[in-house]
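Notes for the one structure printed next.
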There are 2 protein chains.
Amino acid sequence: MINNNTYFQIELTARRIRQYGQNVLKSQGIDITIEQWLVMNVINENESINQIDVGEKLVRDKPTISRMVNHLEKKGFIIKTSSSTDSRKVELTISKKGETMINNLYPIIEKIRFTGLNELSEKEKEIIGTILMKIRKNLDK
Amino acid sequence: MINNNTYFQIELTARRIRQYGQNVLKSQGIDITIEQWLVMNVINENESINQIDVGEKLVRDKPTISRMVNHLEKKGFIIKTSSSTDSRKVELTISKKGETMINNLYPIIEKIRFTGLNELSEKEKEIIGTILMKIRKNLDK
DNA sequence: TAAATATAGTTAGCTAAGCAACTATATTTA
DNA sequence: TAAATATAGTTGCTTAGCTAACTATATTTA
């Protein structure tokens, strides 16, 4: 049966997590997607980061990051300036509005994380991390 | 760090699996997506199934299945007829062309599955399955 | 230094997922 | 049985992911 397959379960769980998180954000009246939050968070933790580096941290390709960054800029959450030392590059920072959003978001994101994972022991988290990494390594050969 | 987070790893692994599988299919010159294959497979295992039931088995919503089914029909892999007992429903079956595709696909899909999972013991597969289910259950509360 | 190559980012085209609103047919229930 | 409700499927809108092809700027190398 397809539903017993490990791949299927990984994919299903990933989808369920995104869906659950999105619903929580929506229920709080917050106009941002989980993916957009991830980008915001990376920029927040890495002042003046460029798009390539955001993509590397989130393991997303260039066009995906490009569109998400432009989207976040349009929403006024981030500021995008051209690098003065290398004009191919962009420097991304969080705007005042973005900062406010992040401060609102942190506790909610923590709650989302907690909901799915609170019944997992540290040992279990470690085990699942190890197994997932093993799978990715096999696929990267 | 974001990359140590269990959610992030699940999502990343899911993406990597899809990506790897798609590349293998492409390299074999097979014009089908992993998602389309999943739908084909469900129809193949459940003669005359309708779209709602396909959606339930794959945990996808109605519009997603509707579009994928229409896509597969256009490609000539499946046949879609209106149910004679309930004209709201549809009856999905695999066409001759679809059957040929499935027969070609089975060994390739097995190989894809094997690549990522062959170094996992049965015990590990069981453990990861249990943990993933636990996460989903927490989110469904 | 001029030409070739590498890097950063964008645009276009595709598939898929999700939600909401819709049509059409079946079933319930008042 | 007529009206209300439930079910199956479709359409429209949005976001995201991927590939390929493109522009522009930097860096290498011949």
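Naming convention: chains lettered A, B, ... in sequence-line order (proteins, then strands); numbering from 1 in each chain.
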Flag, side chain of [X] to backbone of [Y], donor-acceptor distance under 3.5 Å:
X       : Y       : answer
Q22(B)  : I34(B)  : yes
N118(B) : F114(B) : yes
N70(A)  : S66(A)  : yes
N46(A)  : I49(A)  : no
R136(A) : R16(B)  : no

NA contact type, [X], heavy-atom cut-off 4.0 Å: base, sugar-phosphate, or nothing?
X      : answer
D86(A) : sugar-phosphate
T64(A) : base
Q22(A) : nothing
V69(B) : nothing

Residue-phosphate contact under 4.0 Å: [X] side-chain N/O, [N] OP1/OP2:
X      : N       : result
Q36(B) : dA16(C) : yes
S66(B) : dT10(D) : yes
K89(B) : dA6(D)  : no
S87(B) : dA24(C) : no
Q51(A) : dT10(C) : yes
K80(A) : dT10(C) : yes

Give the rounded distance in Å between these two atoms: [atom1] of [X] and [atom2] of [N].
X      : N       : atom1 : atom2 : answer
E73(B) : dG9(D)  : CD    : C1'   : 13 Å
M68(A) : dT14(D) : CE    : P     : 17 Å
Y20(A) : dC19(C) : OH    : P     : 15 Å
H71(A) : dT11(C) : NE2   : P     : 15 Å
N70(B) : dT15(C) : CG    : P     : 13 Å
N50(A) : dA6(C)  : CG    : P     : 19 Å
D61(A) : dT11(C) : CG    : C1'   : 13 Å
L72(B) : dT15(C) : CG    : C1'   : 12 Å

_With a sphere of 6.0 Å drawn around CG of D31(B), does it hold more than 12 non-hydrogen atoms of other residues, nucleotides or ligands?_
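12 or below, so no.
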_Steps toward side chain to side chain donor-acceptor pair (under 3.5 Å) verdict (D61(B), T64(B))_ = CA-CA 6 Å; D61(B) 68 356; T64(B) 298; 2.6 Å; yes
Of the options [options], whose atoms approach the side-chain atoms of [X] most closely?
X      : options                   : result
P63(A) : dC18(D), dT15(D), dG18(C) : dC18(D)
E35(B) : dG17(D), dC18(D), dA17(C) : dA17(C)
R88(A) : dT7(C), dT10(C), dG9(C)   : dT7(C)

*Taking for each residue the nucleotide of DNA chain C with the nearest heavy atom, is it I34(B) or K62(B) whose nucleotide lies nearer the 5' end?*
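Result of the comparison: I34(B).
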*Is the closest basic N to carboxylate O distance between E124(A) and K134(B) below 4.0 Å?*
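Yes, E124(A) and K134(B) are salt-bridged.
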*asked:* Base of dG12(D), side chain of R67(B) - is there a donor-acceptor contact under 3.5 Å?
replied: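 Under the 3.5 Å cut-off, the side chain and the base do form a donor-acceptor pair.
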_Dot-bracket summary - DNA chain D, pairs being Watson-Crick or G-U whose distances fall under 3.5 Å, with | when paired to another strand_ = ||||||||||||||||||||||||||||||
